[in-house]
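Comments concern the structure below.
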Amino acid sequence: MPFEYDDQNIFAKILRGEIPNDTVLETEHSLAFRDIRPQAPIHVLVIPRGRYVSFDHFAQEASEAEIVDFVRAVGEVCRMAGVEADGFRLIANAGKHGVQDVPHLHVHILAGRSLGRMLSPA
Ligand code: AMP
């Protein structure tokens, strides 16, 4: 099934500079900014600049340069935020069951307190 990207999603608008964001890091292929509704003392989103809906889309179609840049950007934000010692969590929601609200790939970096177990029992 082909991936269909919606150019009107809110992160596309951020990338085009149509709405503001609280930038943490800019790289050639990626952008990191603070989540507008933080769920932990540190809550940063890292997105690729390219038109990718989800992690699986990115893994299939992004160039190696984009993938390296994105992974390094996640690591760099963790380093900048100083979260390596106490730990952090990465989340990339995808699709309906992943309850993805914004259909542009983003990795949540959450840290600054104990985050509890990964999921509650169903
Ligand atoms: P997800 O449910 O994984 O798609 O997460 C989307 C995230 O985007 C949520 O944590 C929102 O709080 C966040 N978000 C939505 N709009 C903005 C915005 N304009 N700036 C920063 N974060 C946003």
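Both counts, for ligands and for their atoms, begin at 1 and track the order of listing. Predicted model only: the values in this text are computed from it and were never measured. Each residue takes its place number in the sequence, starting with 1.
For ligand 1 and Arg34, the ligand atoms under 4.0 Å from any heavy atom of the residue are 21 (C). In the vicinity of His108, heavy-atom distances shorter than 4.0 Å reach the ligand 1 atoms 1 (P), 3 (O), 5 (O), 7 (C), 10 (O). The distance from ligand 1 to the heavy atoms of Asp101 drops below 4.0 Å at these ligand atoms: 1 (P), 2 (O), 4 (O). Applying the 4.0 Å criterion to heavy atoms of Asn93 picks out, from ligand 1, the atoms 1 (P), 2 (O), 3 (O). Those atoms of ligand 1 that come under 4.0 Å of a heavy atom in Val99, given as number and element, are 2 (O). Contact atoms of ligand 1 toward Asp35: 7 (C), 8 (O), 9 (C), 10 (O), 11 (C), 12 (O), 13 (C), 22 (N) (distance under 4.0 Å to a heavy atom of the residue). Residue contact check: Phe33 has heavy atoms under 4.0 Å from atoms 21 (C) of ligand 1. Contact atoms of ligand 1 toward Arg37: 11 (C), 12 (O) (distance under 4.0 Å to a heavy atom of the residue).
Interatomic distance, Asp22 CG to Arg34 CZ, rounded to the nearest 0.5 Å: 4.5 Å. Distance check, rounded to the nearest 0.5 Å: CG of Asn9 to CD1 of Ile47 gives 8.0 Å. Here Ile10 contributes atom CD1 and Leu15 contributes atom CG; the two are 11.5 Å apart, rounded to the nearest 0.5 Å.
Between His104 and His106, the gap from one ring centroid to the other reaches at least 6.0 Å. Residues Phe70 and Phe55 keep their aromatic ring centres 6.0 Å or farther apart.
Geometrically, ligand 1 and His43 share no nitrogen or oxygen pair separated by less than 3.5 Å. Of the N or O atoms in His106, one or more lie within a sub-3.5 Å distance of an N or O in ligand 1. Between Ile19 and ligand 1, no pair of N/O atoms sits closer than 3.5 Å.
A salt bridge is absent between Glu61 and Arg51: the closest approach of a Lys/Arg side-chain nitrogen to an acidic carboxylate oxygen does not fall below 4.0 angstrom.
Scanning the protein for heavy atoms near atom 8 (O) of ligand 1, the closest one is Phe11 CZ, 3.4 Å. Atom 17 (C) of ligand 1 has Ile36 CG2, 3.6 Å as its closest protein atom, hydrogens excluded (heavy atom only).
For residues 67-81, the side chain to side chain donor-acceptor pair (under 3.5 Å) pairs, not counting sequence neighbours, are Thr27-Asp69, Ser30-Asp69, Glu76-Arg79.
Partners of Arg16 under the side-chain contact (heavy atoms from CB on, under 4.5 Å) rule, at least two apart in sequence or in another chain, are Asp7, Gln8, Ala12, Lys13, Glu18.
Under a 3.5 Å cut-off, the side chain of Arg49 and the backbone N or O of Leu31 do not form any donor-acceptor pair.
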